[in-house]
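Everything on this sheet refers to the single structure shown next.
Counting starts at 1 for both ligands and their atoms, in listed order. Treat the numbers as computed from the prediction; the structure is a model and nothing was measured.
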Amino acid sequence: MKYDEFYVESIRDPKGFWKRQAQNLIWDDFPTEILREAPHGGSHWFADGRLNMSYLCIDRHLEAGHGDQVAIYYDSPVTQVKANITYQQLKDEVSKLAGGLKELGLEKGDTAIVYMPMIPQAIYAMLACAHLGVIHSVVFGGFAPHELAIRIDDCRPKVIITASNGVEISKIIPYKPFVDEAIGLAKHKTERVIIFDRKQGVHIPKMDYDVDYETLVNTSESVGPVSVESTHPLYILYTSGTTGTPKGIVRDTGGYATALKASMNYVYGVEEGDVYWAASDVGWVVGHSYIVYGPLLNRNTTILFEGKPIKTPDASTFWRIISEYRVKVMFTAPTAIRAIKKEDPEGFLLKKYDLSCLQYQFLAGERCDVATLKWTQEKLGIPVIDHWWQTESGWPMLANMVGVELQAVKPGSAGFPVHGYDVQIMDEDGNFCDVGEEGFVSVKLPLPPGCLLDVWQNTERFVAGYLKKFPGYYFSGDGGYRDEAGYVYITGRVDDIINVAGHRLSTAEMEEVVASHPAIAECAVFGIHCELKGQKPLGLAVLKSGTKISSRDLEEEIIHKVRREIGAVASFKQLLVVNRLPKTRSGKILRKLLRNIADKKEYPIPSTIDDVAIIDEVKAVYRTKNIGKFKKETL
Ligand code: COA
Ligand code: AMP
């Protein structure tokens with residue numbers, strides 16, 4: 001198949017194209033209406049169709065005689081536990097947990113938060129919700145109680161499903177005290193907390209609302225899947241926006257199932273029965289789409305890995321897993337590869353394993369630097385594919401579609417538009433950019449199936465954030481350009497969102513936390529280059545006059561505060577005290593200028609700056625504190 005023909009067809013006749021893809025699922029009612037414009041200007045796919053996601057991920061495969069196939073390889077180097085879970089076992093676990101949720105009064109349209117480490121019960125919980133039409137919202141374990149409380153108040157769950165603890169390398173992280181604290185902080189009162197006890201000796205504080213996971217499952221009857229409309233929300237996934245409050249991306253059921261199923265084959269080149277591994281976390285969109293729903297929809301064997309690319313126990317873990325489970329296609333973030341490369345630059349560990357099973361290595365989640373891509377290519381000797389997407393899209397928007405036609409890999413580029421995405425680069429005025437000219441990466445409406453349906457309980461934010469900037473187009477928030485051969489290059493966010501180790505975080509949110517310290521008059525938080533994590537946050541603060549606190553004490557307090565209020569995952573480690581911040585004459589802090597100076601990037605001096613002399617002051621502070629590219633010795 002030729003990519004050009006395939007892609008053009010998806011844009012020329014989206015309804016016909018996606019109707020054919022939808023036929024690869026089993027529907028309770030096949031849609032008669034393929035595409036409808038939604039009142040907010042977005043799209044509703046397959047609106048009058050009915051189906052159930054959990055049925056498609058499990059029961060469908062049992063009916064076709066694949067109950068004995070392994071659905072999940074669970075591999076936890078941090079606890080030394082491994083398990084092979086077949087599709088039949090998955091069915092038993094999910095339908096009984098769904099029965100338990102039903103007994104607790106949950107029904108279609110209710111919401112449930114899943115706050116869990118990377119254990120099979122996290123997947124059971126997601127699928128059990130999908131089974132009943134309960135809308136789940138998975139919250140990444142690295143977020144602090146305050147962040148969890150924000151999500152509780154926004155999605156108002158009936159239950160929270162959690163576990164006794166997570167394990168971070170060798171550190172035990174108790175989850176239940178976090179959940180209790182979050183419930184205490186939230187205005188919304190969650191009815192029940194279901195706790196899976198991992199029996200790792202962690203004390204679980206008892207509360208009236210507690211329900212033991214195992215008792216619930218053991219005392220409940222299995223229930224069957226509930227048929228839902230195609231546009232019924234499968235989940236809400238919170239992601240960082242440009243304001244301090246995260247936004248709840250709402251995903252539909254039918255469009256998402258159709259898009260994911262098709263992507264497994266066309267984008268990733270996997271067939272039913274293959275082993276596919278996305279080394280991410282169920283708390284991120286990659287986990288939702290490519291640890292859980294995508295591979296299970298496609299009857300693949302997915303890998304649930306509870307560990308890190310290094311230190312669990314060393315930089316060979318990824319290679320062991322690929323070899324042990326005969327992984328055909330793997331997906332990870334460039335940060336993970338950089339971490340491995342740092343520990344094992346020559347790739348000696350990799351040579352100890354038979355990796356002949358691996359056909360493609362995919363990378364995404366952050367910009368992939370050329371050195372990392374080339375190292376991976378050289379060491380693995382297979383196509384290494386950078387591809388680009390977001391929580392909002394739910395599945396890839398740019399890629400080298402290996403299942404359609406593998407094209408030459410151009411390091412630095414995330415490839416070509418994926419079927420269904422009419423990707424355009426626009427300038428500030430909404431005109432198309434020329435070849436090589438950097439602009440805003442946008443997608444002509446309608447977006448294909450699987451993309452965000454709305455922002456939970458906040459359609460205004462959906463319209464303002466994505467549809468308003470360029471009428472008729474979805475605005476991605478990323479900058480980029482296209483070369484003469486059509487390859488697209490993503491240059492980074494054009495807003496206050498940063499990407500730390502492939503984790504999307506809002507500097508505006510961190511800035512709010514820093515600014516709330518009583519000693520601070522004003523501050524700026526922005527992302528600077530980090531050789532390992534891609535980016536890391538840096539804070540600059542001006543003290544209130546008369547404040548006595550030392551810079552070092554203040555820094556410690558702020559680091560602790562960000563950790564307490566956002567979470568360890570923010571990786572906020574540095575705060576510099578300065579006399580003043582660069583501003584425009586109208587008083588706007590020039591964060592981009594601060595970032596560009598730290599990264600030693602070329603920058604125009606804004607004509608609106610109120611005092612040019614401050615640039616030298618900033619450089620002097622960076623030099624003294626070894627900041628960014630002013631650091632004498634980088635990693
Ligand atoms: N629960 C609790 N805490 C968590 C957590 C979780 N699920 N995930 C991360 N954290 C904590 C870590 O323990 C660490 O805490 P510390 O400051 O006390 O050490 C902090 O959050 C930062 O974690 P992380 O970003 O993972 O950094 P690290 O230094 O522990 O590890 C890497 C560095 C490169 C190995 C790691 O970032 C990594 O594996 N990156 C790849 C990530 C990835 O796959 N992203 C894909 C998203 S698509
Ligand atoms: P998230 O919503 O957490 O998946 O983060 C999405 C953001 O990560 C995008 O908007 C990009 O800024 C960035 N991103 C993801 N993949 C890539 C990639 N392949 N190249 C460059 N940036 C990427």
Side-chain angles (χ1 to χ4, degrees), residues 78 115-118 122 139-144 165-175 178 237-241 247 249 278-291 305-312 315 317-318 331-343 362-369 373 385-399 412-415 441 452 476-480 488-495 497-505 527 530-536 559 562-563 566-573:
V78 293
Y115 185 65
M116 284 196 140
M118 288 285 285
V139 178
F140 178 62
F143 282 120
N165 62 285
V167 184
E168 275 292 298
I169 306 183
S170 55
K171 205 170 38 179
I172 297 271
I173 315 270
Y175 274 38
F178 275 26
L237 181 57
Y238 287 88
T239 190
S240 303
K247 46 189 169 186
I249 299 301
S280 179
D281 188 286
V282 288
W284 305 113
V285 70
V286 176
H288 283 65
S289 297
Y290 294 112
I291 294 176
F305 168 67
E306 190 183 21
K308 302 247 177 186
I310 52 171
K311 297 187 190 156
T312 58
T317 307
F318 275 20
F331 174 170
T332 190
T335 298
I337 302 285
R338 284 195 293 270
I340 294 171
K341 178 177 156 217
K342 182 171 171 252
E343 303 272 309
F362 279 82
L363 299 173
E366 59 181 314
R367 218 184 79 76
C368 182
D369 54 288
L373 189 113
I385 315 282
D386 182 10
H387 66 319
W388 170 77
W389 52 295
Q390 322 175 287
T391 305
E392 288 85 345
S393 67
W395 62 287
M397 295 193 275
L398 291 173
S413 164
V441 185
L452 77 171
S476 72
D478 278 297
V488 181
Y489 297 71
I490 300 294
T491 48
R493 296 290 307 190
V494 295
D495 51 23
I497 290 168
I498 58 171
N499 229 293
V500 182
H503 307 321
R504 173 167 160 183
L505 300 161
C530 169
E531 296 234 354
L532 174 65
K533 298 192 176 186
Q535 281 188 298
K536 62 181 177 186
I559 290 172
V562 175
R563 227 182 144 85
I566 297 179
V569 69
S571 295
F572 186 92
K573 305 262 158 104

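- The closest approach between a heavy atom of Gly166 and any atom of ligand 1 is not below 4.0 Å.
- Residue Glu168 places at least one N or O, backbone or side chain, under 3.5 Å from an N or O of ligand 1.
- Look at Arg338 and you'll find every heavy atom at least 4.0 Å from all atoms of ligand 1.
- In terms of protein heavy-atom proximity, atom 7 (C) of ligand 2 is closest to Asn499 ND2, 3.8 Å.
- Of all atoms in ligand 1, listed by their number and element, those nearer than 4.0 Å to a heavy atom of Lys573 are 17 (O).
- Note on ligand 1: Lys533 sits in its first shell, one or more heavy atoms being nearer than 4.0 Å.
- Annotation for ligand 1: atoms under 4.0 Å from non-hydrogen atoms of Ser280 are 46 (C), 47 (C), 48 (S).
- Of all atoms in ligand 1, listed by their number and element, those nearer than 4.0 Å to a heavy atom of Phe140 are 5 (C), 7 (N), 8 (N).
- When each atom of ligand 1 is checked for a heavy atom of Pro309 under 4.0 Å away, the hits are 35 (C), 39 (O).
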Practice problem: Check the pair Ser476 / Gln390 against side-chain hydrogen bond (donor to acceptor under 3.5 Å, both in side chains), numbers first and verdict last. | Solution: CA-CA 8 Å; Ser476 72; Gln390 322 175 287; 4.6 Å; no

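- Heavy-atom contacts of Val569 reach the following atoms of ligand 1: 21 (O) (cutoff under 4.0 Å).
- Ranked by closest heavy atom to atom 16 (N) of ligand 2, the top entry among Ala399, Gly365, Ser393 is Gly365.
- Counting heavy atoms from C-beta outward, Asn499 and Arg493 have side chains that stay 4.5 Å or more apart.
- When only interatomic distances are considered, the shortest N/O to N/O separation between Ser571 and ligand 1 does not fall below 3.5 Å.
- On a distance-only criterion, Glu392 and ligand 2 share no N/O pair closer than 3.5 Å.
- For ligand 1, the atoms lying closer than 4.0 Å to a non-hydrogen atom of Thr335 are 34 (C), 40 (N).
- Considering only non-hydrogen protein atoms, atom 15 (O) of ligand 1 sits nearest to Ala568 CB, 3.7 Å.
- Looking only at side-chain heavy atoms (C-beta outward), Phe143 and Tyr238 stay at 4.5 Å or farther from each other.
- For ligand 1, the polar-atom distance check against Lys171 finds a nitrogen or oxygen pair separated by under 3.5 Å.
- A heavy-atom separation below 4.0 Å is found between Tyr175 and ligand 1.
- Close approach of ligand 1 to Gly502 is summarised as follows: ligand atoms under 4.0 Å from at least one heavy atom of the residue are 47 (C).
- Heavy-atom separations between Glu343 and ligand 1 are all 4.0 Å or longer.
- The side chain of Val285, and not its backbone, has at least one atom closer than 4.0 Å to an atom of ligand 2 (non-hydrogen atoms only; side chain from C-beta on).
- Ligand 1 is approached by Ala501 to a heavy-atom distance shorter than 4.0 Å.
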